[in-house]
Every structure is written in C-alpha cells, then in structure tokens.
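Below is one structure; the comments refer to it alone.
Numbering starts at 1 and runs along the sequence shown. The structure presented is a predicted model; accordingly, all values stated were derived computationally and were not measured.
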Amino acid sequence: MASGNESAVREFILLGLTQQPELQLPLFFLFLGIYVVSMVGNLGLIILIGLNPHLHTPMYYFLFNLSFTDLCYSSVITPQMLVSFVKQNLISYAECMTQLFFFAFFVIDECCILTAMAYDRYVAICKPLLYRVTMSHHICLVLMVSGYVVGFVGALSHTVCMLRLSFCDGSVINHYMCDIPPLLKLSCTSTTVNELVVFVVVGVSIIVPSLTIFVSYTLILSSILRIHSAKGRSKAFSTCSSHVIAVSLFFGSSSFIYFKASPAGSVDQDKISTVFYTIMVPMMNPFIYSLRNKDVQFALSRTLKKRVFT
C-alpha cells in the first residue's frame, strides 16, 4: 500500500442503494430473497449438471462454469449490500480493494463464458459434422482457462491502478459496493491511468465479446434460414434463445455503466443499472437456461425420482 493511502483513508462508508429509511427494511428482505433464490438456482444447476452424465457436453460444461461464476460474484456483492440496509456499512480499505478485484474478475470471466457459449452454438448449428472435433474436451478446457486468465489479468490491472491512488477527498462511497467509477470520484490524485485502463480492459472485455457474439449469431441466423424444415428451424432457434436473452441482459446493463454518453449522469440511475447485472442477472440465469430446456427438465425429474425412491 502506498504511503499516501496509509496516511489518508483507512476505511470507507458505503451509502448503499438508497438513503430513504422507509425503504430500507423492505429492500433488505427483497434482496435477501433474491440472493437466496440466486444461490439455490445456481448451486442446483451446478449439482444437476455434475450428477447427470448426459449433461456432460460442451454446452453444459460452459453453463456449469457460468453458474459457478454467477454464484461467486453474487456472493462478492450482495452480502455487503444487505448490511447497508440495516446499519452504517463500513468497509476497510483492504476489504474494498479485495471486493473490487473479485468483482472485476468474475464479471470479466462471465463475458468470456458467454462468448464461449456463443461460439459453441455457432459450431453446433453451422458446422454440426465437425462439432465433436471442434468442441473437444481439450478445446473447452482451453476456452475456460483462457477466460479465467483474462479475468485475472483485467481484475489485477484495475486493482493495482486503484492501489496507487490516494483517497483524501472523503471516505463516503455513494454506492453499495466498491466499484471503479465511485472510487475514482473520491481520488485526490490523477486518475488518468485508471481511466485508460478502464477504457482498455472494459473495451476488450465488452466490445470484443460483443462483436464475437454478434458475428456468431449472424452466421447462425444465416444457417437457420437455410434450413427447409420448420421443425428444424424451430429446434435451432430454441437452442439459441436462452443464450441470446442472457447475453442481452448482461451486456446491455453492464455496457450502460461504462459506455454511457454522459459521465455526469444520475448516480441513482447507475446504481440501478449495476443492481441489474450484479444481482438480478445471476438470479435469472438458472431460470433462463432451465425453464425451456428439456434436457435440464429431464435431468431434474430423473434426479428427484432417484432421491425419492432411494
């Protein structure tokens, strides 16, 4: 830790989602319920995929990792948020930087997983005869390890650049977590390097995956429209629809924060958008991928029957 930081701020106050007293208790129970549902849904999907051999395919391998990532980064954010609803939420400098690192790590990793899932769907629909070779276990492992490495490098870059700043203009963070934009506003030293890192890392982790996913689905749509059977087209669309919904929700809400036209926009608006992709999306993903998925429904039914009759 830099000497400037040691002589300045040792802890921060997180203001939370709202300062209106009448909303604190209802919001506490609302987000506690969302957190419980998110934990149960993602953990249930992880267990279900692990217990059923017929789900040990590339698509569910990526879904397994997506659920694990959602489980982790929701746990990095939500408990700290819940504290702010019931008392003054103090977080030490070290805890704040740790939360920032793991939040950035899991968010970037989620971008990479969603991109890998789009590539998997592209190969499955556009190159079905080469699917087993192209999406071998080794390739899937390389894609996932690469995603975790990119997440680690991106998170480390953000955190190291944040550690070089001095926070002597105040210790009150107008947010429910240690996110990059509100922390930069508190710095009394130049944030030029940080802003450049944000531009590069966020640009790479959002723009590159977005373009990859867009190209993948352009090719997928072109292939689907060439299918003569209506049943075949419907089946192809159904295998992609869940992923398209998840991608739209995650990238839409996260890109709003970092690529909005006006940097001086409403802080409350930023917090609401952040809530959506840090808390709501991890809760919704298990349902998005299971409600219309016959393989998951069959696996759940078979697993429950085994537990009942054994």
Side-chain angles (χ1 to χ4, degrees), residues 11-17 27-28 30-46 64-87 89-114 144 147-163 173-184 186 194 197-198 201-202 205-206 246 249-251 253-255 257-258 270-286:
E11 63 181 16
F12 297 99
I13 300 172
L14 294 171
L15 290 185
L17 189 60
L27 287 175
F28 172 82
L30 172 64
F31 285 103
L32 177 62
I34 290 172
Y35 182 59
V36 171
V37 172
S38 179
M39 293 298 100
V40 172
N42 285 293
L43 187 59
L45 204 51
I46 289 171
F64 180 96
N65 281 273
L66 181 68
S67 293
F68 172 74
T69 299
D70 284 339
L71 187 77
C72 291
Y73 96 77
S74 183
S75 296
V76 169
I77 302 302
T78 312
Q80 196 73 48
M81 178 189 192
L82 292 173
V83 172
S84 66
F85 289 127
V86 294
K87 66 177 184 178
N89 192 3
L90 295 175
I91 183 171
S92 70
Y93 179 86
E95 290 172 337
C96 186
M97 295 300 111
T98 302
Q99 185 188 57
L100 173 65
F101 173 82
F102 282 106
F103 166 65
F105 172 73
F106 288 119
V107 167
I108 295 172
D109 185 48
E110 176 127 346
C111 294
C112 296
I113 294 173
L114 290 172
M144 283 301 91
Y148 287 115
V149 169
V150 171
F152 177 80
V153 172
L156 188 64
S157 300
H158 283 308
T159 308
V160 168
C161 286
M162 197 64 69
L163 287 170
I173 300 176
N174 189 9
H175 214 296
Y176 58 84
M177 68 173 183
C178 291
D179 199 5
I180 297 168
L183 281 171
L184 294 183
L186 294 181
N194 297 72
V197 170
V198 168
V201 175
V202 176
S205 60
I206 290 182
L249 291 173
F250 181 79
F251 281 98
S253 54
S254 59
S255 59
I257 297 295
Y258 296 101
D270 287 354
K271 286 194 282 189
I272 291 171
S273 298
T274 308
V275 162
F276 199 78
Y277 81 89
T278 59
I279 296 174
M280 298 301 295
V281 170
M283 180 197 71
M284 295 165 67
N285 276 344

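Once rounded to the nearest 0.5 Å, the distance linking CG of Asp109 with OH of Tyr73 reads 10.5 Å. The CZ atom of Phe276 sits 9.0 Å away from the CE atom of Met283 when rounded to the nearest 0.5 Å. The structure places CD1 of Ile91 at 5.5 Å from CG of Leu14, a figure rounded to the nearest 0.5 Å. Here OG1 of Thr98 is found 9.0 Å from CG of Leu100. Values are rounded to the nearest 0.5 Å. Rounding to the nearest 0.5 angstrom, the gap separating the NE2 atom in His175 from the OG atom in Ser84 is 11.0 Å. In this structure, CG on Asp179 lies 5.5 Å from OG1 on Thr274, to the nearest 0.5 angstrom.
Looking at Leu17 and Phe85, their side chains come closer than 4.5 Å, going by heavy atoms from C-beta outward. Looking at Tyr93 and Leu163, their side chains come closer than 4.5 Å, going by heavy atoms from C-beta outward. Residues Ile108 and Val150 have side chains in contact (heavy-atom distance under 4.5 Å, counting atoms from C-beta outward). Side-chain atoms of Ile173 and Ile13, non-hydrogen and from C-beta on, never get closer than 4.5 Å to each other.
Using bins of under 30°, 30° to 60° and over 60° for the plane-to-plane angle, the ring pair Phe106/Phe68 lands in the perpendicular bin.
Few gaps surround CZ on Phe28; more than 12 heavy atoms of other groups in view lie less than 6.0 Å from it.
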Inset, instruction - Check step by step if side-chain contact (heavy atoms from CB on, under 4.5 Å) holds for Phe12 and Leu183. - result: CA-CA 10 Å; Phe12 297 99; Leu183 281 171; 4.2 Å; yes
Legend entry - Pair Gln99-Met177, side-chain contact (heavy atoms from CB on, under 4.5 Å): steps then yes or no: CA-CA 8 Å; Gln99 185 188 57; Met177 68 173 183; 3.6 Å; yes
Inset, instruction - Give the intermediate values and the outcome of side-chain contact (heavy atoms from CB on, under 4.5 Å) for residues Ser74 and Met39. - result: CA-CA 8 Å; Ser74 183; Met39 293 298 100; 4.0 Å; yes
Inset, instruction - Please lay out, stage by stage, how Ser75 and Tyr35 fare under the test side-chain contact (heavy atoms from CB on, under 4.5 Å). - result: CA-CA 8 Å; Ser75 296; Tyr35 182 59; 3.1 Å; yes
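Annotation for Gly147 and Cys112: closest pair CA-CB, 3.7 Å, computed over non-hydrogen atoms. Across all non-hydrogen atoms, the minimal contact from Gly154 to Val201 is CA-CG1, 3.9 Å. Residues Ser67 and Asn42 share a closest heavy-atom pair of CA-OD1, 3.5 Å.
Side-chain atoms of Thr278 and Tyr176 form a donor-acceptor pair, as typed in the model, at a separation below 3.5 Å.
Judged by distance alone, the side chain of Asn89 and the main-chain N or O of Val83 form no donor-acceptor pair under 3.5 Å.
Sequence neighbours left out, the pairs with a member in residues 148-158 that pass side-chain hydrogen bond (donor to acceptor under 3.5 Å, both in side chains) are Asn65-Tyr148.
Every ring-ring contact (aromatic ring centres under 6.0 Å, His included) that Phe101 has, sequence neighbours left out, goes to Phe152.
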